[in-house]
Amino acid sequence: DCIEICTQKNINNDFLNILKPDQTSGSYLYKTNLPVLPANASTEKDVLIKQRIHQNYFRKVILANFNGRCAVTNCSIPNLVEAAHILPWNNANNSERLNVDNGLALNCLVHKVYDQNLLGISPDGEVKVSLILKEEKNDGALAKFFSSIDGIKIDFSKLRTKPNQDFLSQRYNDFHS
């Protein structure tokens with residue numbers, strides 16, 4: 001059941017609350033009876049935030065290390081290739097956060113599913129994709145795409161700086177849990 005799988009993989013519960021199962025197709029559809037905001041509802045609020053700094057530096061060194069290409073798909077369109085943290089920002093210390101060995105160049109879709117732990121990359125570079133992404137009932141084209149990258153092997157040997165094996169192992173274990 002998609003909702004169970006999504007919940008187990010820490011997908012935003014607010015998103016799940018607007019879905020309902022479709023008995024005919026087996027897919028999940030948006031609910032039509034969504035809550036209505038009052039006409040005078042505020043649309044802004046003042047907040048105090050911590051802002052990440054040096055992200056541009058991290059992006060530049062990661063993309064340079066991967067020659068501007070997604071490690072998984074080989075995509076080289078600059079606006080689509082992002083610098084992904086192996087150890088998530090919140091789980092890393094200051095020196096790990098911006099270190100080149102804590103980064104992978106991934107296209108934006110692969111980055112998003114990697115951050116959601118729906119895709120794992122083993123220490124030896126093998127890409128594993130969760131079953132939910134490979135199910136045809138969710139989206140045929142996306143299921144085919146994710147099935148096509150499942151099991152490929154990233155060649156880290158050509159990189160100037162190899163990803164940290166301990167970081168990859170820790171993150172891969174998170175994918176499996």
For Phe145, does its backbone N or O pair with a side-chain atom of Ser148 as donor and acceptor, under 3.5 Å?
yes
Side chains of Val129 and Leu118, heavy atoms from C-beta outward: is any pair under 4.5 Å?
no
In the single-linkage hydrophobic clustering (I, L, V, M, F, W, Y; side-chain heavy atoms under 4.5 Å), do Val81 and Ile149 co-cluster?
no
Checking Asn107 against Thr73: is there a side-chain donor and acceptor pair closer than 3.5 Å?
yes
Does the side chain of Gln165 reach to within under 4.5 Å of the side chain of Asp124, using non-hydrogen atoms?
no
Evaluation steps, salt bridge (Lys or Arg N to Asp or Glu O under 4.0 Å), between Asp150 and Lys134:
CA-CA 9 Å; Asp150 189 37; Lys134 297 186 290 183; 2.8 Å; yes
Carboxylate-amine/guanidinium proximity below 4.0 Å for Arg171 and Asp115
yes
Validation row: Phe156, Leu168 side chains within 4.5 angstrom (heavy atoms)
yes
CG-NZ distance between Asn164 and Lys162, expressed to the nearest 0.5 angstrom:
13.0 Å
Treat each ILVMFWY residue as a node, draw an edge where side-chain heavy atoms are under 4.5 Å apart, and state whether Val61 and Phe66 are in one component.
yes
side-chain hydrogen bond (donor to acceptor under 3.5 Å, both in side chains) between Asn56 and Arg59: does it pass, once the steps are laid out?
CA-CA 5 Å; Asn56 195 35; Arg59 174 181 164 72; 5.2 Å; no
With a 4.5 Å limit on heavy-atom distance, are the side chains of Tyr172 and Asn117 in contact?
no
Given side chains that start at C-beta, do those of Leu119 and Lys128 come closer than 4.5 Å, heavy atoms only?
no
Over all heavy atoms of both residues, which pair between Asn93 and Ser95 is shortest? Give the atoms and the distance, please.
OD1-OG, 2.8 Å
Output for pair (Cys70 SG, Leu106 CG), nearest 0.5 Å, gives 5.0 Å
Enter the distance from Ile86:CD1 to Ile121:CD1 here, rounded to the nearest 0.5 Å.
7.5 Å
Rounded to the nearest 0.5 angstrom, the CG-CG distance for Asn65 and Asn67 is 8.0 Å
Can Trp89 be reached from Ile62 by stepping across I, L, V, M, F, W or Y side chains whose heavy atoms are under 4.5 Å apart?
yes
side-chain hydrogen bond (donor to acceptor under 3.5 Å, both in side chains) with His111: of His85, Glu82, Gln116, only one passes, and it is Glu82
In Å and rounded to the nearest 0.5 Å, what is the CG to CZ distance from Leu131 to Phe146?
13.0 Å
Rounded at 0.5 Å granularity, tell me how far CG in Asn102 sits from CD in Glu96.
7.0 Å
Give the minimum heavy-atom separation between Ala105 and Leu63, together with the two atoms involved.
CB-CD2, 3.8 Å
Are there more than 12 heavy atoms of other residues, nucleotides or ligands under 6.0 Å from atom CD1 of Ile152?
yes
For a 4.5 angstrom cut-off between non-hydrogen side-chain atoms, does Tyr114 reach Leu104?
yes
Taking the side chain as everything from C-beta on, heavy atoms only, tell me whether Leu142 gets closer than 4.5 Å to Leu109.
yes
